[in-house]
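These numbers were taken from a predicted model, which means no experiment stands behind them. One-based numbering, in listed order, for ligands and for the atoms of each.
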Amino acid sequence: MAQAAKIPIIDLSGDEAQVAHDLVEAAIEHGFIYIRNTGKDIPVEAIDDAFNLARKLFALPVEEKQTCLIQKNNRGWSSMQYETLDPKNQRVGDFKEAFNLGEFQNAKAQQPLPPSLPPTAEPLLSALHDKCHALCLKLCHLLGLGLAAQPPSFFAGAHDRSAGPSGTILRLLHYPPLSSVPSATPHLDVRAGAHSDYGSMTLLFRIAGQAGLEIQTTSQDGGSKWAPVPVVPPGTEGDPAPPILLNIGDLLSYWTGGLLRSTVHHVVFPGGRGTEATVVEGETDSGPRYSIAYFCHPVGSMPLTPVPSERVRRFIAEHPAEGDDNGGKDGKVVTADEHLHMRLRASYLQMYPEKE
Ligand SMILES: O=C(O)CCC(=O)C(=O)O
Ligand SMILES: [Fe+2]
């Protein structure tokens, strides 16, 4: 049995300085952090409602979902196998479908929604977007404190929605059961290919009992292996909802010269590729799987210059080659939007058939 990933669990209601310190250390060491969900930041009901809505949405006829087909703005419905997160190592696309929701304006979606969804869908999704954004701002504030950024509001300011639009996406995900995708071969194919996330940070909501997510960990001998990430880690069983899984994305890693870790992860089938045994006790991966990811991005025009923090400056001086190469040529600073579009081009092969 593969060992479950050792990911720290943080309770945001603790002493602020201590929480900020623990968050930064976990972001450096692991890149993945469980945020205990006591229902204060994101009400449990809001998460349950969103999952119920996701079930309804993905069960709609293909013809209706097709009216919302994903566009180059990264919004809309991405059909089964449309996305390939790890094109170098996948023979076919991811066995998942997704619905990407960009930023709302005055609680109104700026993209088509399937017409037969209930009228409650739009306000519900808009409210979840807002709650997730507020939680990310809180996490930005804590990261600024923990890294002693100057000013400490550096990250929060870069994510201030009043400063302009961003590539932030709330994504509903559906992974059909293996039994309904006969063309999939578990030891060759994946539900979501290996990747790191593109934005600054991701909040991931999962359903207790539904296995499949694994992170890549580095062992002491320098080799890497896959470790399953339990939905309900020990100590959180009595909480009103499973912890929210926070992970650092490429932007934050780049911004900190590689100090904060953007960890590679994937979602596998039962007995899936690269795994010894995927299933964590109490979890199953034979049924359908749903998850909801909130990919938080800074304001799109934000230049990704290194974070003004003494710790980051020292790290960069000691590890000049660690930073993620974000595609900027000759040390040219790229913006958050430029970085995002570069990544999207690499994973939506059908949308971008040729190099532009
Ligand atoms: O569904 C999951 O557990 C993870 C999804 C994910 O990694 C992603 O969409 O970036
Ligand atoms: Fe991801």
Side-chain angles (χ1 to χ4, degrees), residues 4-5 7 30-35 47 50-51 54-55 58 70 74-87 90 93-102 132 136 167-178 190-216 226-233 242-253 261-270 272-275 278-280 283-285 287-297 324 340 343-344 346-348:
I7 296 173
H30 304 274
F32 268 77
I33 304 117
Y34 288 113
I35 306 292
I47 303 169
F51 274 121
R55 285 189 195 91
F58 290 119
I70 192 159
N74 197 25
R75 296 174 178 188
W77 178 60
S78 150
S79 60
M80 278 289 293
Q81 295 192 265
Y82 188 68
E83 190 180 19
T84 310
L85 278 168
D86 184 15
Q90 282 177 248
D94 298 357
F95 283 87
K96 68 167 195 237
E97 58 177 331
F99 202 99
N100 285 4
L101 295 140
C132 288
C136 285
T168 297
I169 291 287
L170 178 68
R171 173 173 243 203
L172 310 176
L173 284 146
H174 171 225
Y175 304 85
L178 185 57
V190 282
R191 281 176 144 174
H195 67 283
S196 50
D197 290 347
Y198 313 159
S200 29
M201 60 179 94
T202 305
L203 305 176
L204 184 70
F205 302 92
R206 296 180 295 163
I207 298 178
Q210 298 188 355
L213 177 67
E214 300 186 325
I215 61 168
Q216 197 168 47
W226 292 105
V229 183
V231 180
V232 182
I244 300 162
L245 192 62
L246 163 69
N247 67 284
I248 301 298
D250 294 341
L251 272 181
L252 254 185
S253 184
R261 184 184 292 253
S262 179
T263 298
V264 172
H265 51 284
H266 67 181
V267 182
V268 289
F269 281 115
R273 201 176 97 171
T275 60
T278 320
V279 181
V280 171
E283 295 186 357
T284 168
D285 51 10
R289 181 176 187 276
Y290 292 87
S291 66
I292 300 175
Y294 180 78
F295 301 108
C296 181
H297 287 253
D324 146 27
L340 173 62
R343 295 293 305 268
L344 290 174
S347 64
Y348 287 104

message: Using the rule given for side-chain contact (heavy atoms from CB on, under 4.5 Å), can you reason through Tyr175 versus Gln210, listing the C-alpha separation, both sets of side-chain angles and the distance that settles it, and then say yes or no?
response: CA-CA 10 Å; Tyr175 304 85; Gln210 298 188 355; over 6 Å; no
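The tally of protein N/O/S atoms under 2.8 Å from the Fe ion (ligand 2) stands at 3.
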In a simple table, one pair per line, please give the protein and ligand 1 atom names for every N or O pair closer than 3.5 Å, along with the distance.
unit_1: ligand 1; atom_1: 1 (O); unit_2: Tyr175; atom_2: OH; d: 2.6
unit_1: ligand 1; atom_1: 1 (O); unit_2: Arg289; atom_2: NH1; d: 2.9
unit_1: ligand 1; atom_1: 1 (O); unit_2: Ser291; atom_2: OG; d: 2.7
unit_1: ligand 1; atom_1: 3 (O); unit_2: Arg289; atom_2: NH1; d: 3.3
unit_1: ligand 1; atom_1: 3 (O); unit_2: Arg289; atom_2: NH2; d: 2.7
unit_1: ligand 1; atom_1: 7 (O); unit_2: His195; atom_2: NE2; d: 3.2
unit_1: ligand 1; atom_1: 7 (O); unit_2: His265; atom_2: NE2; d: 3.0
unit_1: ligand 1; atom_1: 10 (O); unit_2: His195; atom_2: NE2; d: 3.0
unit_1: ligand 1; atom_1: 10 (O); unit_2: Asp197; atom_2: OD1; d: 3.2

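Lys96 is listed as a side-chain neighbour of Leu85, based on a closest heavy-atom distance under 4.5 Å. Counting heavy atoms from C-beta outward, Tyr82 and Trp77 have side chains that stay 4.5 Å or more apart.
Judged purely by atom type and a 3.5 angstrom limit, Arg289 uses its side chain to pair as donor or acceptor with the backbone of Ala211. In this structure, Thr168 contributes its side chain and His297 its backbone to a donor-acceptor pair below 3.5 Å. Ser291 places no side-chain N or O within donor-acceptor distance of the main-chain N or O of Leu173, the cut-off being under 3.5 Å.
With Tyr290 as the aromatic partner, Arg55 meets the cation-pi criteria of under 6.0 angstrom to the ring centre and within 45 degrees of the ring axis.
In summary, the side chains of His266 and His195 do not present any donor paired with an acceptor at a separation below 3.5 Å, with no hydrogens or angles considered. For Arg75 and Asn100, the side-chain atoms include no donor-acceptor pair closer than 3.5 Å.
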